[in-house]
Enquirer: 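The structure's right below; bear with me while I get my questions together.
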Amino acid sequence: MKIILLPMPIAPFSCFENLKISITAVLANKTRSLLTALGVVIGILAVTLMGTLISGLDQSFEKSMEFLGKDVLYIRKFQWFGEDEWWEIRNRPDILVKNAGVIRERSQYAQYVAPVSEWWTSVRKDDESVSGVRVSGTTEDYAMITVAEVEKGRFFSRAENRSGARVALIGKDISDVLFEGRNILGERIQIGNYNFRIIGEIEKQGKFLGMFSLDKQVIIPIGAHQRLFSRRGWTGINVKVDNAHIDDAHEELTALMRQLRRLRPSEKNNFAINRQDPFREQYSMIKLAIGGTGIFITILSLVVGGIGIANIMFVSVKERTKEIGTRKALGATSRMILGQFLMESMTICLFGGLVGMSLAYGGSRIINSFFPSEMPIGLAMSALGLSMLVGIISGLAPSYKAANLDPIDALRYE
Amino acid sequence: MITTKRTINVSLILLKKIYKIYHVGGEEVRALDGVDLTISKNEFLAIKGPSGSGKSTLMNMIGCLDTPTSGDYEFEGEMVHNMDDNQLASIRNRKIGFVFQTFNLLPKATAQHNVEIPLVYANIRREKRLMMASKALTSVGLEDRMHHKPNELSGGQRQRVAIARALVNNPSLVLADEPTGNLDSKSGQEIMDVFDALHQEGNTIVLVTHEDYIAAHANRTIQLF
C-alpha cells in the first residue's frame, strides 16, 4: 500500500457522518472515554477556573482601588508595602492632626486635605451591638476626597466639626444589624461608651481586597474623635490632588512633611506618603503567580491528557481493525478513515472539555460566593478550542495508522 | 490451472496475464502466476480451491482490494491495474458488493445503518440512503428487522443484512467469500437461495468456496490448485 501524504484535509462530506460514528463510539465506552479525557477535563477545569478567579480578583481589586482613589495621597506613619527594617521605623513620630492645616495652607497641589484618625470599637443600639467597627474621625473635606457617597442623610458640616458635635455617619453593615431597615436618621447609637446621633448613611462599598468590610464603619467629626478616642488609634492625612500632577504633589508633600518634621538633608523620611500604585504592583505579581500556576497546570494536564488520548486511540484502532477493513472494502478512502478517527479523538477531547467546563461552572459558582466573579466566556470558548486542538494532535498518529491499514490485512485481522 | 464449464458472452471483467508476486524472506512467492480470466455479465461464477491455492489473492484482485504485480485488469472498461488507492476505493464503492464469511457488520449499528454505509461513502443524502437501505433489506426479506442490531439477529439473518449491504449501491458485481462458512446447513441453504434469486434477477456473482455443493449453484466453476 502507498503511504498517504501528510498534509491531508478531512473530506468535508463525512464530517457529520464521522461525528455520528464518533459519538456512538464515545458513548459505547463511556467510562473509558471519561477516564481517557480526565487529563483534558483537569486542564480545561484549571484554565477556566483560573480565568474565573482572575476575573473575580480583577473586579474586586478595581472596586477596592476605587476606595483608595487614584488621585489621593495618604500621609501615614508607615509605608503600606514597606521594606524598611522595623527597628529603623518603630520610633517614628505620629502624624498629627494639626499637620493637615499646615499642608492645606502651604501646598499648591492639594485640592482637599482631611486628617483621619481611626480607632476600632463596638457600636451599640439598645441590645444589639457590632464589635470591631472602624471609627474614623475626620473633617468635612473627607466627603470631597472619598468616592463613597452619602446614601441617606448628609455629611457633617464645618460647624459641627468645629464644635465637636456628637454626630455620626454609619456604614451599611452597621445599619443592617442595628436597624434592620428601619429609619436611622436622628436615631441615637453608642460608639464605645459615648452617645452619638446618626445623621447619614454611607453607600455600600463591599470588602477591601476581600479582607475586611469597608461598610463596618462609622464616621464622626475629628473634634469629637480627638476628645473621646485620641489617646488610641492612629492618625493620617488624606490629600486629594489633581491626577495629572500626582508625582509633583508627592514630591511637594514629602518636602512639606520634612519641613514640618525639621529633618536635615542627611536624615531619612520618618513618615510615608502612600498611594494605590504599589497595590497595583503587588496585585499584578499575585495575578501573574495565579495565572502562571494555572497555565502550568493546564499545559501539564493537557500534555498528559493528550498522551492518554493518543494511547486509547491506538487501542481503538487496533480493536476496530476489522471494521476499518470492512469500511475500506465498502468504499471508504484513506482520508475518510483518517477523518473518522480524528473526529473520534476530537470528540473525546471535546467531551472532556465540556465536562471540565461544567465542573468549572460549578466551581465558579463557589468562587462567586466568596467574591463577585464571572466565568469569562471568551476564555471558556478558547478552552474548548484548545481541547479540540489536543484531540487533533493526539489523534494524528493513531488516525494515520488506521488510514494506512492495508484493507486485505485489516479484513483478515481477528 | 483453470477449468471452464460454460461461457456467456458480454464480458464484465477481463484479467490478462495477472501475476502477483510476494517476497517473503528473500524468497519469491508467486501467488498468481499469469492468470487469464473473463467474467461475463450475469454470470454466477464459483472459485474453488484449497488454502494456499491463490484463491484469496485472486478474490482480492477481482474485488479491487489489491493490484497485480503485472498484468491487465479491466472492469467494465476501467483499467484497474493502474489505479491508486482512492480510485480503487471508488470502484469498490460503486461497482462491487462484498459479502464476507464473518458478515463484518458493525455491532453497534442497526441493520438499516449497516446497509447504509456504502451509500455514506458514495456521498448520498440521508433521506435517499434510508430509502435505499430499506429497499435492499426488503429485497432480502428483512423488512421487519431493519432496526435490529446484529446481536438481535440469527446468523442467516446477519448474512442477509450483509447481502443487502452488498446490493444497496446496485453493484455490477457481487463478490462473496465463503458466505455460508459460518452458518449451519439450513441457514446456508437459505443464503444460497438468495444468491440464486439474485442471479435470476440478472446480477453477476463471484463466489469463493471450498464446498462442492455450494459451487454447484454456480453456472461456471474455476478450480485453483
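First the proteins, then the strands, lettered A, B, ... as listed; each starts at 1. Hydrogens, waters and symmetry mates are skipped; everything else that's a heavy atom, side chains included, is used.
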Enquirer: Hey, does the side chain of Q59(A) reach the backbone of G56(A) with a donor-acceptor pair shorter than 3.5 angstrom?
Expert: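 Pair absent, no side-chain N/O of Q59(A) close to backbone of G56(A).
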Enquirer: Counting neighbours of OH on Y361(A) that are heavy atoms of other residues, nucleotides or ligands and sit closer than 6.0 Å, is the number greater than 12?
Expert: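 Not more than 12 within 6.0 Å, no.
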Enquirer: Quick one: do K287(A) and D58(A) satisfy salt bridge (charged side-chain N to carboxylate O under 4.0 Å, His left out)? Show the steps, please.
Expert: CA-CA 9 Å; K287(A) 207 159 97 167; D58(A) 272 344; 3.2 Å; yes
Enquirer: At a heavy-atom separation under 4.5 Å, does R320(A) approach chain B through its side chain, its backbone, both, or neither?
Expert: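 When you check distances to chain B, no heavy atom of R320(A) falls under 4.5 Å.
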Enquirer: Check E178(B) with K55(B), please: is the shortest side-chain N to carboxylate O separation under 4.0 Å?
Expert: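 Salt bridge flag = yes for E178(B) with K55(B).
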Enquirer: Would you say L57(A) and I290(A) make side-chain contact, with heavy atoms under 4.5 Å?
Expert: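 Heavy-atom side-chain distance check passes, below 4.5 Å.
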Enquirer: Any residues in residues 21-43 of chain A near chain B, with a heavy-atom distance under 4.5 Å, and which are they?
Expert: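 Within residues 21-43 of chain A, near chain B: T24(A), A28(A).
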Enquirer: Check whether S358(A) reaches the backbone of L354(A) with its side chain - one donor and one acceptor, N or O, closer than 3.5 Å.
Expert: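 Yes, S358(A) side chain to L354(A) backbone: donor-acceptor pair under 3.5 Å.
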Enquirer: Would you give the length of the straight line joining atom CG of D85(B) to atom SG of C64(B), rounded to the nearest 0.5 angstrom?
Expert: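 Rounded to the nearest 0.5 Å, the CG-SG separation comes to 12.0 Å.
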Enquirer: Without placing hydrogens or testing angles, list every side-chain donor-acceptor pair under 3.5 Å for residues 19-28 of chain B, not counting sequence neighbours.
Expert:
residue: K20(B); atom: NZ; partner: D66(B); partner atom: OD1; Å: 3.2
residue: K20(B); atom: NZ; partner: T67(B); partner atom: O; Å: 2.8
residue: E28(B); atom: OE2; partner: R30(B); partner atom: NE; Å: 3.3

Enquirer: What residues of residues 91-115 of chain B make heavy-atom contacts with chain A at a cutoff under 4.5 angstrom?
Expert: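 Hits under 4.5 Å: R92(B), N93(B), F98(B), F100(B), T102(B), N104(B), L106(B), K108(B).
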Enquirer: Give a yes or no on this: more than 12 heavy atoms of other residues, nucleotides or ligands lie within 6.0 Å of atom NZ of K322(A).
Expert: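 Yes.
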Enquirer: So if I take each residue of residues 291-311 of chain A and look for any heavy atom under 4.5 Å from a heavy atom in chain B, which residues do I end up with?
Expert: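 The residues closer than 4.5 Å to chain B amount to none at all.
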Enquirer: Would a distance-only check, ignoring hydrogens and angles, find a side-chain to backbone donor-acceptor pair under 3.5 Å from Y73(B) to I62(B)?
Expert: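 It does hold such a pair.
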Enquirer: List the steps and the verdict of side chain to side chain donor-acceptor pair (under 3.5 Å) for E43(B) and T204(B).
Expert: CA-CA 5 Å; E43(B) 197 171 357; T204(B) 311; over 6 Å; no
Enquirer: Evaluate the criterion ring-ring contact (aromatic ring centres under 6.0 Å, His included) for residue pair H199(B) and F44(B); output intermediate values, then yes/no.
Expert: CA-CA 7 Å; H199(B) 181 226; F44(B) 191 164; 5.4 Å; yes
Enquirer: Take atom NZ of K401(A) as the centre, draw a 6.0 Å sphere, and report whether it contains more than 12 heavy atoms from other residues, nucleotides or ligands.
Expert: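 More than 12 heavy atoms, drawn from other residues, nucleotides or ligands, come within 6.0 Å of this atom.
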